[in-house]
Amino acid sequence: MQISLTPVEEVAVRASSFDALYPPTEKIPTIVVENFPALGKLAAMRFVEWVQQNPNGVISLPTGKTPEHFIGWVRRLLAEWDAPEIQQTLREAGVNPTKKPDVTGLHFVQIDEFYPIDSAQQNSFTHYVKHFYIEGFGLDPAKALLIDPVTIGLRPDETLASVWPGNRVDLTLRYRQANNQLESRQKTLLAQIDQWCMEYEQRIRDLGGIGFFLGGIGPDGHIGFNIRGSDHYSTTRLCPTNYETQAAAATDLGGIEIARQSLVITIGLDTITYNPDCTAIIIAAGQAKAALAAQAIQSAKSIETPASCLQELPNARFYITGGAAAHLMERQVRVLERTTAVGDADVEKVLVELAVRCRKRLLDLTEADCQSDRSAAVILKRRREPLPRLAAMVHERLASKIEAGLRVYRDKCFLHTEPHHDDVMLGYFAQIVRHFRQASNEHYFMTLTSGFTSVTNQFMRTQMAGLRQFLGTPAFKTLWDQNYFSRGNEIDRNRDVWQYLDGVAAHDEDDKAEGCARRMLRNLVELIEVSSLQDVDRCVAELEEYFASAYPGKKDPERIQRLKGMSREWEAECVWGYYGWQCQNIRHLRLSFYTGDIFTKEPTMAHDVPPIVAELDRLDPDVVTVAFDPEASGPDTHYKVMQALAEAIRVHLKTSSKLDMKVWGYRNVWFRFDPSEANLLVPVSLAMFRSEEHTSELQSHHP
């Protein structure tokens, strides 16, 4: 298969350790870069290169967090094109620096949008497109095709909320009779939306189809909102999504309940591939996307793999990180063939994967099994030891890791760090509980962000109602008069937790509710100047009004962000309080880069590192745990927290007395280590699973 690379791609391939394509296994050319920011830079360079050649072309660009660095680079290139530094960067990337691209002639096609959603909301994709692309790049708004639900089929006297009460759209009205006047109007509007989608598709085709498409790949392999199972000949349409897509969208939409009932308008797979000359690029970072990328690149075209439709396009590309390339078979074989020496970790990775694939014990693998697998065949060729000895070595390595995972430290100070308030529990709960049981150990917990984006307005309304239940009671008046809720009162802060946990132990919902109410009132006292319970009552009324009127997913004012974050901090204190640790052992840093913006700021030495260093210096721990995410496989917050922690640890070690301080890197539900990457394997019993489940039940007040 012959492929034609552009100058930008040729430069990127030369800088990579791989070729662009390994036929016949790979069916889409793929360029591997070092990290997530490098993906954005490469995509930006390819985009400006394409615009130089197609100044009046049709472009379709992604929304969400994936294109953060792409957008940043394009805006910088366009704004600083003639600056010497940018000129040098362009030359090094393979872009002609003498021809600044003119983007005003480009036609923009919006890929998708939730439905129903008001385009005035900051969490709508229409708003995103207008802000980041049309305004941010300087595109001509008259040449943009936008998917704006407010403009589709509504009469002047109607709103989306009036036609779709509760934002619930019943697609069965497409083919069944309406039962009342409202359903009759909804049925008519659905037909108008379907008509609009057909016309939107035709408008794209009248332009010749999409010339440059850039997208990410979703948790089920979707591109656009063409979820797993989408017809490769699909066109623009209104359709439902699946759970994976809903879960990924929950934060942006204001909660999983909102995401579950939201539909989407999306261009189809055939919309993307209609123009045979389309440059279609998918960017993916981290091993969490490795299996999805491999399916699209290596498998036959299938509705189970939406991105496999791109195999039709000669100019289709995947730009991915090394982690995202982990399941590309030929590339992994090339790595083994090129490496100076095949290490024990390489042998472990290959043989464990082979044993799983063959459904055999390691020690039962045969020469025939290995010869049927190209990576295993390379291992046998390049290592002198016979297969039985290699298998025994891997067996011993795994056993030693399990033994290390069973070891319990004594007389140690642990600092458990986490990006959000559930990462430790979801990451290595069994290991931490074993070390709790050794009384000579000290444990401290440090959460780097408040995680307020996961707290819904509906949850906060429930919390306000719970506070109202107790606010006027004699018991709360007595507590107020005793300065129970005064700022800095650490003893009574712990009493909030004990009140809640007493309710857990007694299976008493009222006691639990009172604990939550006490903490909510304490949070309000910390945030807002109140001098009486009457002030608190007025404050609660204002908050109730805000949470009832704010649309789900809206960026909240800083005060509301802090209040929502405090709800998650309370959750963490209850969880670790259950195991005997007081609030003094639990630190909430609320790093400044975490703002609730679509693209959060990069952590800085000036603002985000010093608070972590201060805690490290204060505790001087023997063990520090870190959520390990070097390629942004999970939420970008995890990646940025890791950056801040890594720098803080470097600073701390310059003055620490613990020269042998250990760092435990962990991962959780968004991505797991390969066994060959880990040096601690922690066995988890059924009893421990039940214990973790019970611990999660403590979070009944979780948003």
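Note that these values count all heavy atoms, side chains included, but never hydrogens, waters or copies made by symmetry. In what follows, residues are counted from 1 in the order of the sequence shown.
- The ring of Tyr594 has its center closer than 6.0 angstrom to the ring center of Phe452.
- Between Trp480 and Phe485, the ring-plane angle classifies as tilted under the 30° and 60° cut-offs.
- Remark: side-chain polar atoms of Asp622 are paired, donor with acceptor, to backbone N or O of Cys413 under 3.5 angstrom.
- Here Leu448 contributes atom CG and Thr637 contributes atom OG1; the two are 10.5 Å apart, rounded to the nearest 0.5 Å.
- For the atom pair CD of Glu569 and CG of Asn523, the computed distance is 7.5 Å after rounding to the nearest 0.5 Å.
- Other residues, nucleotides and ligands place no more than 12 heavy atoms under 6.0 Å from the CZ atom of Arg410.
- Between Thr159 and Leu154, every side-chain heavy-atom pair lies at or beyond the 4.5 Å cut-off.
- Residues Lys512 and Asp508 are not paired through a salt bridge, judged by the lack of any N-O separation under 4.0 Å between the basic side chain and the carboxylate.
- In terms of heavy atoms, Phe476 sits closest to Leu471 at CB-O, 4.0 Å.
- Between Tyr444 and His416, the ring center distance fails the sub-6.0 Å criterion.
- For Lys564 and Asp556, the salt-bridge test passes: some basic side-chain N is under 4.0 Å from an acidic carboxylate O.
- Looking at Leu616 and Val624, their side chains come closer than 4.5 Å, going by heavy atoms from C-beta outward.
- Aromatic ring orientation, Trp576 versus Tyr579: tilted (interplanar angle from 30° to 60°).
- When side chains are defined from C-beta on, Arg667 does not count as touching Tyr428, because their heavy atoms never get closer than 4.5 Å.
- Taking all atoms of both residues into account, the shortest heavy-atom contact from Val641 to Phe593 is CG2-CZ, 3.8 Å.
- The backbone N or O of Lys554 lies less than 3.5 Å from no partner atom in the side chain of Gln122, so there is not a single donor-acceptor pair.
- A distance of 9.5 Å separates OG1 in Thr447 from CD in Glu571, rounded to the nearest 0.5 Å.
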I would like to know whether Phe547 and Phe459 meet ring-ring contact (aromatic ring centres under 6.0 Å, His included); could you show each step before the answer?
CA-CA 9 Å; Phe547 292 125; Phe459 171 78; 9.6 Å; no
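- Within 6.0 Å of the CD atom in Glu158, the count of heavy atoms belonging to other residues, nucleotides or ligands exceeds 12.
- Minimum heavy-atom separation, Gly665 to Phe673: O-CE1, 3.5 Å.
- With rounding to the nearest 0.5 angstrom, the CZ atom of Phe470 is 9.0 Å from the SG atom of Cys516.
- Summarising the geometry, atom OG belonging to Ser450 is positioned 8.5 Å from atom CZ belonging to Arg568; distances are rounded to the nearest 0.5 Å.
- Under a 3.5 Å cut-off, the side chain of Ser119 and the backbone N or O of Thr126 do not form any donor-acceptor pair.
- By the 6.0 Å contact criterion, CZ on Arg618 is enclosed, its count of non-hydrogen atoms from other residues, nucleotides or ligands being greater than 12.
- The backbone N or O of Asp511 lies less than 3.5 Å from no partner atom in the side chain of Asp502, so there is not a single donor-acceptor pair.
- Interatomic distance, Thr151 OG1 to Ile147 CD1, rounded to the nearest 0.5 Å: 10.0 Å.
- Ring-plane geometry between Tyr128 and Phe132 is classed as tilted, the angle between the planes lying from 30 to 60 degrees on a 0 to 90 degree scale.
- Between His638 and His420, the ring planes are tilted. Angles from 30° to 60° get that label.
- Scanning all heavy atoms of the two residues, the minimum distance from Leu182 to Pro165 falls at CD2-CG, 3.9 Å.
- Counting only distance, with no hydrogens or angles, the side chain of Asp608 and the backbone of Ser592 share a donor-acceptor pair below 3.5 Å.
- Here the side chains of Ile612 and Thr417 are not in contact, with every heavy-atom distance at 4.5 Å or above.
- Contact detail for Arg519 and Val497: the closest heavy-atom pair is NH2-CG2, 4.1 Å.
- Under a cut-off of 6.0 angstrom, the local environment of CD in Glu490 is crowded, with over 12 non-hydrogen atoms contributed by other residues, nucleotides or ligands.
- His652 and Asp617 share a side-chain donor-acceptor pair at under 3.5 Å.
- Remark: the Arg260 side chain and the Gln246 side chain contain no N/O donor-acceptor pair separated by less than 3.5 Å.
- Taking the ring centre of Tyr484 as origin, the terminal cationic atom of Arg522 falls inside the region bounded by 6.0 Å and 45° from the ring axis.
- Remark: side-chain polar atoms of Ser691 are not paired, donor with acceptor, to backbone N or O of Ala687 under 3.5 angstrom.
- For the pair Pro552/Leu253, no side-chain contact is recorded, criterion being any heavy-atom separation below 4.5 Å from C-beta on.
- The closest donor-acceptor contact from the side chain of Glu257 to the backbone of Ala250 lies at 3.5 Å or more, if one exists at all.
- For the pair Asn167/Gln261, a side-chain contact is recorded, criterion being any heavy-atom separation below 4.5 Å from C-beta on.
- With sequence neighbours excluded, no residue forms a ring pair (Phe, Tyr, Trp, His ring centres under 6.0 Å) with Tyr546.
- Ring-plane geometry between Phe436 and Trp581 is classed as tilted, the angle between the planes lying from 30 to 60 degrees on a 0 to 90 degree scale.
- Side-chain N or O atoms of Ser124 include one that pairs as donor or acceptor with a backbone N or O of His127 at under 3.5 Å.
- In this structure, Gln186 contributes its side chain and Val163 its backbone to a donor-acceptor pair below 3.5 Å.
- Side-chain contact between His421 and His588 is present, with heavy atoms from C-beta onward closer than 4.5 Å.
- Ion pairing of Arg538 with Glu542 is absent here, as no side-chain N (NZ or NE/NH1/NH2) approaches a carboxylate O to less than 4.0 Å.
- In the model, Thr456 has no side-chain atom that pairs as donor or acceptor with a side-chain atom of Gln458 under 3.5 Å.
- Of the options Arg587, Arg495, Arg493, a salt bridge (charged side-chain N to carboxylate O under 4.0 Å, His left out) to Glu573 is made by Arg493 and by none of the others.
- Donor-acceptor pairing under 3.5 Å is lacking for the side chains of Ser262 and Tyr115.
- Using modelled atom types, one finds a donor on one side chain and an acceptor on the other under 3.5 Å when comparing Gln584 with Asn494.
- Asn242 and Asp220 share a side-chain donor-acceptor pair at under 3.5 Å.
- Annotation: side chain of Arg468 is in contact with side chain of Glu544 (closest heavy-atom distance under 4.5 Å).
- A side-chain N or O of Ser656 and one of Asp620 form a donor-acceptor pair less than 3.5 Å apart.
- Checked for salt-bridge contact, Glu68 and Lys65 miss the test: no charged N lies under 4.0 Å from a carboxylate O.
- Closest heavy-atom contact between Met642 and Val626: CG-CG1, 4.2 Å.
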Please assess Leu171 against Leu263 for the test side-chain contact (heavy atoms from CB on, under 4.5 Å), listing each intermediate value before the final yes or no.
CA-CA 9 Å; Leu171 290 181; Leu263 303 180; 3.7 Å; yes
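- Enclosure of atom CD in Glu602 by more than 12 non-hydrogen atoms of other residues, nucleotides or ligands within 6.0 angstrom is indicated.
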Assess whether side-chain contact (heavy atoms from CB on, under 4.5 Å) is satisfied between Val424 and Phe429, documenting all intermediate values.
CA-CA 7 Å; Val424 165; Phe429 180 77; over 6 Å; no
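- Between the side chain of Tyr133 and the main chain of Pro62, a donor-acceptor pair closer than 3.5 Å is present.
- Between Trp664 and Tyr409, the distance from one ring center to the other falls under 6.0 angstrom.
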